[in-house]
Every structure is written in structure tokens, then in C-alpha cells.
Amino acid sequence: MEEVIKYAGCFVCGDCNPNGLNARFFFDGTEVTTEIVADKRFEGYSGICHGGITAALLDEVMVKAVLATGIFSTTAEMTVRYHRPVRVGERVICRGRITQHKGRAYFTEASAVNGEGQALASATGKYIEARDEFRDQLMKPSD
């Protein structure tokens, strides 16, 4: 499996963001996967990871599915369905893939399961290919 490129400052995948998840994403030719352990820093309720963190992981695994094909894109829309709470300390495995491509639009789906394979959340998304001038800005280091 090949690691998908990342922006170093990204909250989800950046390895230079001390406040982020520092998740690594890998592409097997069909789908992108990542695995993290839900950290207490991202607690929403007692012992439960904030749903926004789960959504961020699902968004990232879907955009990385597009990026793994060499296309820079940004999120146009996303729908998340939560199946069960993500517990602090729980292993979370996310998978994402492209389901359809029309013009500059890429349609995706993703899932998050725990270490026992129980569904935690699922999502669908629409990502729009970045135009050249915007694409160049996406990976530019921030000030």
C-alpha cells in the first residue's frame, strides 16, 4: 500500500500540527484506509469522542480517495450517519473510496468501524476538482 500525500499543517493528517490527529492514509489501488485510537483530547461527552472528529476522519478518507488518483479536490457536500458512539481509547478504522466521477465532481463513500468490526459511522460525499490556481494554493505552507 502506498501512503497518500498530505499537507503538513492539516488537522487530520498533518505531521506538523501538534493539535491534530496525525493520521496516516494509505491507498491500495481501490480504497484509502486509516486507523487511529480515539484520544481523550477529542472527547465530546465523558468517555466519548466528539462526533466532529469522526466526521473529520470520514471527510479526510474520502478526499484522500480522490487525491490518491492524482486529483486535488475540496469538499462540496458530505452526509454523515452515526451508528454508535466512538469511545475514548477505541481503535477506529476508516475506509473511503470513489463511487462515481462526473466532470470535475467525484462522489465518494466512507465507513468507520471499531477494532471488532462494529459500524461506528458512515458517510457519502461530493468533492470538486480544484482548478489550477486554487490547487497551487492548497499545498502552500501557511504563514
Side-chain angles (χ1 to χ4, degrees), residues 1-102 104-131 134-143:
M1 284 206 279
E2 181 178 319
E3 188 167 7
V4 183
I5 65 169
K6 60 187 160 200
Y7 168 65
C10 176
F11 173 76
V12 178
C13 69
D15 50 8
C16 293
N17 187 333
N19 300 310
L21 299 174
N22 303 117
R24 296 177 67 195
F25 293 80
F26 298 92
F27 183 58
D28 69 3
T30 303
E31 67 180 9
V32 170
T33 59
T34 191
E35 183 177 320
I36 68 153
V37 173
D39 192 299
K40 184 162 178 60
R41 294 178 301 151
F42 306 116
E43 191 175 59
Y45 285 116
S46 179
I48 298 173
C49 188
H50 193 285
I53 298 299
T54 304
L57 282 164
L58 292 170
D59 179 41
E60 194 73 12
V61 80
M62 290 188 291
V63 78
K64 292 286 195 219
V66 178
L67 186 56
T69 69
I71 303 296
F72 284 83
S73 65
T74 56
T75 311
E77 62 185 55
M78 183 172 119
T79 301
V80 179
R81 182 168 184 187
Y82 297 93
H83 305 290
R84 64 175 23 103
V86 175
R87 306 280 176 193
V88 169
E90 186 171 38
R91 191 169 133 220
V92 180
I93 303 126
C94 296
R95 292 179 177 85
R97 67 184 189 92
I98 297 170
T99 58
Q100 191 175 17
H101 169 221
K102 289 183 179 178
R104 290 180 50 231
Y106 289 80
F107 299 87
T108 60
E109 64 183 14
S111 64
V113 299
N114 63 17
E116 288 75 48
Q118 296 172 314
L120 299 170
S122 56
T124 57
K126 179 180 177 183
Y127 295 81
I128 303 298
E129 181 177 358
R131 296 199 189 278
F134 187 51
R135 184 188 66 232
D136 294 342
Q137 181 184 343
L138 294 177
M139 297 296 280
K140 181 179 165 187
S142 62
D143 298 331

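Keep in mind that this is a model prediction, so the values were computed, not measured. Keep in mind that the numbers below use all heavy atoms, side chains included, and drop hydrogens, waters and symmetry copies.
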Atom pairs and distances, side-chain donor-acceptor, residues 54-65, under 3.5 Å, sequence neighbours left out:
unit_1 : atom_1 : unit_2 : atom_2 : d
Asp59  : OD1    : Thr75  : OG1    : 2.8
Asp59  : OD1    : Tyr127 : OH     : 2.7
Glu60  : OE2    : Lys64  : NZ     : 3.3
Lys64  : NZ     : Ile5   : O      : 3.0

With a cut-off of 3.5 Å and sequence neighbours excluded, list every side-chain donor-acceptor pair involving residues 84-96.
unit_1 : atom_1 : unit_2 : atom_2 : d
Arg84  : NH1    : Ala119 : O      : 3.4
Glu90  : OE1    : Arg87  : N      : 2.8
Glu90  : OE2    : Asn114 : ND2    : 3.1
Arg91  : NE     : Glu35  : OE2    : 2.7

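The minimum heavy-atom distance linking Asn19 with Phe11 is given by the pair O-CE1, 3.3 Å. In terms of heavy-atom proximity, Val12 sits nearest to Leu21 at O-CB, 3.5 Å. Considering all non-hydrogen atoms of both residues, Thr34 and Phe25 come closest at CG2-CE2, 3.4 Å.
Rounding to the nearest 0.5 Å gives a distance of 9.0 Å between SG of Cys13 and CD of Glu3. Going from atom CD of Glu77 over to atom CD1 of Ile128 covers 8.5 Å, rounded to the nearest 0.5 Å. Separation of atoms CG (Asn22) and NZ (Lys6) is listed at 8.0 Å; rounding is to 0.5 Å.
When the side-chain hydrogen bond (donor to acceptor under 3.5 Å, both in side chains) test is applied to His101, the partners found at least two apart in sequence or on another chain are Tyr106. For Tyr82, the ring-ring contact (aromatic ring centres under 6.0 Å, His included) test picks out no residue, with sequence neighbours left out. Scored by the side-chain hydrogen bond (donor to acceptor under 3.5 Å, both in side chains) test, Lys102 finds no partners at all (sequence neighbours excluded). Evaluation of the side-chain hydrogen bond (donor to acceptor under 3.5 Å, both in side chains) rule for Ser122 yields His83 as partners, not counting sequence neighbours.
When atom types are taken as modelled, the side chain of Asn17 and the backbone of Gly9 share a donor-acceptor pair closer than 3.5 angstrom. In terms of modelled atom types and a separation under 3.5 Å, the side chain of Arg97 and the main chain of Thr30 share no donor-acceptor contact. No side-chain donor-acceptor contact under 3.5 Å links Thr79 to the backbone of Thr124.
Residues Phe27 and Leu67 are not in side-chain contact: their nearest non-hydrogen atoms beyond the backbone lie 4.5 Å or more apart. Within the 4.5 Å cutoff, the side chain of Val4 has no heavy atoms near those of the Phe26 side chain.
Taking a 6.0 Å sphere around CD of Glu2, one finds it holds 12 or fewer heavy atoms contributed by other residues, nucleotides or ligands. The neighbour count for Arg41 CZ, taken as heavy atoms of other residues, nucleotides or ligands under 6.0 Å away, is above 12.
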